[in-house]
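For reference, the structure is listed below as structure tokens.
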Amino acid sequence: MAAKRLSKAETATRPLRLESPLPPAKLDRLIHEQIRLGIVSALATQPTLTFGELKRILSTTDGNLSVHARKLEEAQYIACETVFDGKLPKTEFRLTSEGRAALSRYLDHMEALIRTARGARAPGS
Amino acid sequence: MAASPLRAVPPPPEALGDHALRNLAFIRKTMENASSFTAVPGRGGVAMGLTALVAAVLAESERGAPGADGARRWLIVWCVEAVVAILIGGAALWRKARASGLSPLAGASRKFALGLLPALLAGAALTVRGFQDAAGSTLPLLPAVWLLCYGIAVMSAGTHSVPAIPVMGIGFFALGLSALVLPPAFGNALLALGFGGLHIVFGVFIARRYGG
């Protein structure tokens with residue numbers, strides 16, 4: 001039988017269950033938050049993205065994006081620059097090498113979790 | 001005996017593995033959404049434009065041949081150019097998607113290709129009809145058909161891309177309408193202007209603005 005698809009509210013409130021011991025690497029809480037993870041993921045595909053482009057990709061508000069982008073900037077995961085398109089100022093973001101490495105570590109961590117979970121579910125394991 | 005009050009049963013805990021899978025799916029979806037800004041290859045567009053300009057010159061010289069033979073040669077030159085342009089465009093789309101670390105068969109690249117397909121197939125079907133027309137009476141209409149069909153294809157595919165793409169589609173559509181009202185002698189020049197000029201201008205813009 002197909003598994004029931006969970007709503008956002010349900011998934012947000014469900015506690016996580018450990019099926020097996022966690023992989024040794026420590027989870028990077030800074031990019032674990034969804035908007036911040038979205039910012040880093042989007043910037044991984046582009047040399048730069050403007051504030052407006054990120055807002056459109058992530059379907060979020062100005063305030064939300066500003067707050068999370070600032071946290072990533074403070075951690076030096078992203079760099080922010082104001083450029084001029086004619087007379088109009090635009091805020092452009094790019095992923096730093098630290099940010100790229102953090103995303104890579106995060107992906108490794110998620111893959112390790114999936115491998116561990118699959119190992120725990122496998123019969124006879 | 002009084003009934004005991006109902007107590008909300010907490011949802012079962014979510015497995016960490018499922019949570020990780022959901023996170024990976026979110027990362028992939030975000031990357032695909034972001035790639036819509038660059039799925040269209042700018043340099044590929046320039047290359048397509050340059051080959052179209054060469055084709056326009058060749059086609060014009062072939063059209064000088066006497067009788068229906070000249071018209072048929074003109075048609076063959078443009079058909080060869082269409083195949084070359086599709087190969088260049090496809091390869092450039094593939095290369096750009098791979099360079100972004102994305103699957104060329106998924107996300108923005110796939111949406112863009114699928115958006116192009118219906119109108120391009122309609123244009124191809126009408127071209128086959130033009131080939132079968134021994135009298136060659138439908139040939140003068142082909143520049144308008146190609147420009148209109150390509151314009152519609154680009155506008156449709158452009159809904160999944162940067163704003164410049166639908167604007168380019170409108171340009172092709174306008175040239176197609178012009179080809180309908182202007183004398184057939186202008187057909188080749190309009191094809192050069194569209195498939196050559198518009199591809200080069202928008203290709204340079206996309207390559208500069210969005211990279212690739």
Side-chain angles (χ1 to χ4, degrees), chain A residues 3-23 27 31-50 52-54 56-59 85 95 100 103-104 106-121, chain B residues 8-43 93 95-104 106-112 158-165 205-212:
Chain A
K4 185 192 158 200
R5 191 175 277 268
L6 296 168
S7 69
K8 261 188 183 173
E10 279 177 313
T11 51
T13 54
R14 292 178 86 197
L16 292 176
R17 173 166 51 90
L18 287 176
E19 287 173 324
S20 55
L22 262 177
L27 184 71
I31 62 168
H32 188 56
E33 196 285 328
Q34 200 168 46
I35 293 288
R36 293 198 286 269
L37 182 59
I39 294 171
V40 172
S41 303
L43 287 172
T45 67
Q46 305 292 326
T48 61
L49 284 173
T50 63
E53 286 167 343
L54 272 175
R56 192 183 114 184
I57 293 165
L58 300 171
S59 306
D85 185 8
L95 195 62
R100 200 169 288 277
L103 178 63
S104 179
Y106 187 81
L107 287 171
D108 288 345
H109 195 105
M110 291 297 116
E111 282 169 2
L113 281 175
I114 293 163
R115 272 198 307 274
T116 312
R118 280 189 178 150
R121 280 177 197 170
Chain B
V9 179
E14 185 184 8
L16 262 183
D18 295 341
H19 187 73
L21 273 174
R22 224 160 29 83
N23 269 358
L24 287 184
F26 171 74
I27 292 169
R28 185 189 173 129
K29 190 166 174 280
T30 307
M31 284 180 157
E32 283 174 2
N33 285 344
S35 73
S36 70
F37 290 101
T38 57
V40 180
R43 285 187 205 133
L93 202 74
R95 193 170 158 267
K96 193 162 187 178
R98 295 306 293 255
S100 307
L102 299 167
S103 165
S109 305
R110 183 167 171 270
K111 283 180 197 165
F112 187 77
T159 55
H160 304 292
S161 191
V162 290
I165 303 301
F205 174 76
I206 289 164
R208 281 191 176 173
R209 177 66 184 85
Y210 303 103

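Below, read A as the first sequence line, B as the second, and so on, with proteins coming before strands; counting in each chain starts at 1. Because the structure is predicted, anything quoted here is derived from the model rather than measured.
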*Gap between atom CE of A:Met110 and atom CG of B:Leu21 - 0.5 Å precision*: 10.5 Å
_Suppose we screen for side-chain contact (heavy atoms from CB on, under 4.5 Å). Which residues come up paired with A:Ser104, at least two apart in sequence or across chains?_
A:Asp108
*Step by step, work out the side-chain contact (heavy atoms from CB on, under 4.5 Å) result for B:Asn23 and A:Leu113.*
CA-CA 11 Å; B:Asn23 269 358; A:Leu113 281 175; over 6 Å; no
*Given that the side chain runs from C-beta out, which part of A:Leu103 has a heavy atom under 4.5 Å from chain B: side chain, backbone, both or neither?*
side chain
*Atom group of B:Ile27 that falls short of 4.5 Å from chain A, counting heavy atoms*: both
*Could you tell me the separation between the CD atom of A:Gln34 and the CZ atom of B:Arg22, rounded to the nearest 0.5 Å?*
7.5 Å
*Pairing residues for B:Thr159 by the side-chain hydrogen bond (donor to acceptor under 3.5 Å, both in side chains) criterion, not counting sequence neighbours*: none
*What is the distance from atom OG1 of B:Thr30 to atom CG of A:Leu43, rounded to the nearest 0.5 Å?*
11.0 Å
